[in-house]
Amino acid sequence: MSSDLAPRPSSAAPAVADGDNRYKAVQAKLDTLGQALDDAGLGLEELMRSIKKNAKRAEDAARDVANADLDPKFVELTSNVGVALGGAGVQVKKLHDTVQETADLTYETKRTHSKLYGALDDIRSNRRERTPRPGFFNR
C-alpha cells in the first residue's frame, strides 16, 4: 500500500513568540497562527482521506488473501493492518477537530482583540502627540 501524501511547504511561517504586544503585532501573530492552523487542518483532511483509502485497500487485500486459501495468519495480519489504519483514522479525526476548534478560537480571539483595542490603536496611531505606554497610569 503506497501513500500519495507528500510533504507540502507551509504557506504560513510560525508566529514569533516575542515581547511585541503592540496591537498590530498581536493581530498579525493571530493571523499567522490562524493560517497555520487552517493549513494543518487541510493537511489532516488529506491524511484522513489517505488513511481511509488505505484501510479499504487492506480490507480488500485481506479478502483476496482469504479467497486465495492462503495461511489464515496472513489473512489475520492483513486484516489487522486495516483495523490499525481505522484506529489511526479515528485519532487523526480527533486531532483535526482539535485543530479546527483552535483555529476558530484564534479567529474569535482576533475579533475580540480588535473590538477591545482597535479603536484605541486608531487613536494612538493617528495622534501627533506621543501617548503613554499601556499600564503607565496603573503605577
Side-chain angles (χ1 to χ4, degrees):
M1 286 173 244
S2 67
S3 174
D4 298 332
L5 290 177
R8 304 181 307 177
S10 177
S11 61
V16 178
D18 57 16
D20 189 357
N21 294 323
R22 293 172 297 148
Y23 174 78
K24 287 178 181 69
V26 171
Q27 288 287 300
K29 289 174 192 175
L30 290 169
D31 266 341
T32 301
L33 176 60
Q35 185 61 51
L37 290 166
D38 287 342
D39 289 348
L42 292 174
L44 289 169
E45 286 174 7
E46 188 176 335
L47 179 59
M48 284 188 299
R49 284 191 299 274
S50 178
I51 287 173
K52 185 175 183 178
K53 185 169 101 177
N54 285 330
K56 174 76 169 98
R57 285 181 183 167
E59 291 170 12
D60 292 346
R63 187 181 56 252
D64 291 345
V65 169
N67 291 337
D69 289 329
L70 293 175
D71 192 313
K73 75 178 177 183
F74 296 115
V75 175
E76 183 180 355
L77 289 171
T78 308
S79 180
N80 287 346
V81 170
V83 171
L85 284 169
V90 169
Q91 296 308 312
V92 170
K93 172 78 169 103
K94 287 179 183 179
L95 179 58
H96 174 268
D97 292 347
T98 300
V99 166
Q100 185 61 55
E101 180 183 358
T102 305
D104 293 345
L105 289 170
T106 298
Y107 292 123
E108 182 181 329
T109 300
K110 184 177 181 235
R111 285 188 301 274
T112 301
H113 183 258
S114 180
K115 275 189 222 175
L116 293 173
Y117 301 108
L120 177 62
D121 182 68
D122 287 343
I123 291 168
R124 293 188 77 216
S125 298
N126 294 319
R127 285 181 130 166
R128 288 186 188 167
E129 302 83 15
R130 291 183 61 172
T131 57
R133 293 179 183 256
F136 173 78
F137 295 110
N138 293 340
R139 295 181 186 189

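One-based numbering along the sequence shown.
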> Would you find a donor on one side and an acceptor on the other, under 3.5 Å apart, between the side chain of T102 and the backbone of T98?
Replying inline: yes
>> Please check this pair: side chain of D121 against backbone of I123, looking for a donor-acceptor N/O pair closer than 3.5 Å.
In response: no
>> Looking at K24, is its backbone amide N or carbonyl O close enough to the side chain of K29 to form a donor-acceptor pair, meaning the two atoms are under 3.5 Å apart?
In response: no
> Would a 4.5 Å heavy-atom cut-off, applied to side chains only, mark L70 and V75 as touching?
Replying inline: no
>> Distance alone, cut at 3.5 Å: any donor-acceptor contact between the side chains of D104 and Q100?
In response: yes
>> When you compare the side chain of T112 with that of L116, does any pair of heavy atoms fall below 4.5 Å?
In response: yes
> When you look at E59 and S79, which way does the side chain to side chain contact (heavy atoms under 4.5 Å, CB included) test go after all the steps?
Replying inline: CA-CA 6 Å; E59 291 170 12; S79 180; over 6 Å; no
> N126 side chain to D122 main-chain N or O, any donor-acceptor pair under 3.5 Å?
Replying inline: yes
> Less than 4.0 Å between a side-chain N and a carboxylate O, is that true for D60 and R63?
Replying inline: yes
> Where is the tightest heavy-atom contact between T106 and G34, given as atom of each residue plus distance?
Replying inline: CG2-N, 3.8 Å
>> Is there a path of hydrophobic side-chain contacts, each under 4.5 Å between heavy atoms, that joins L44 and Y107?
In response: no
> What's the shortest heavy-atom distance between H96 and M48, and which atoms?
Replying inline: CG-CE, 4.0 Å
>> Are the side chains of Q91 and K94 in contact, using a 4.5 Å heavy-atom criterion?
In response: yes
>> Would you say that more than 12 heavy atoms from the other residues, nucleotides or ligands in this model lie under 6.0 Å from the OH of Y23, or not?
In response: yes
> Hey, any chance L85 and V65 share a hydrophobic cluster, counting ILVMFWY side chains that come within less than 4.5 Å of each other, even indirectly?
Replying inline: no
>> What I want to check is whether the side chains of Q35 and D39 have a donor and an acceptor closer together than 3.5 Å.
In response: yes
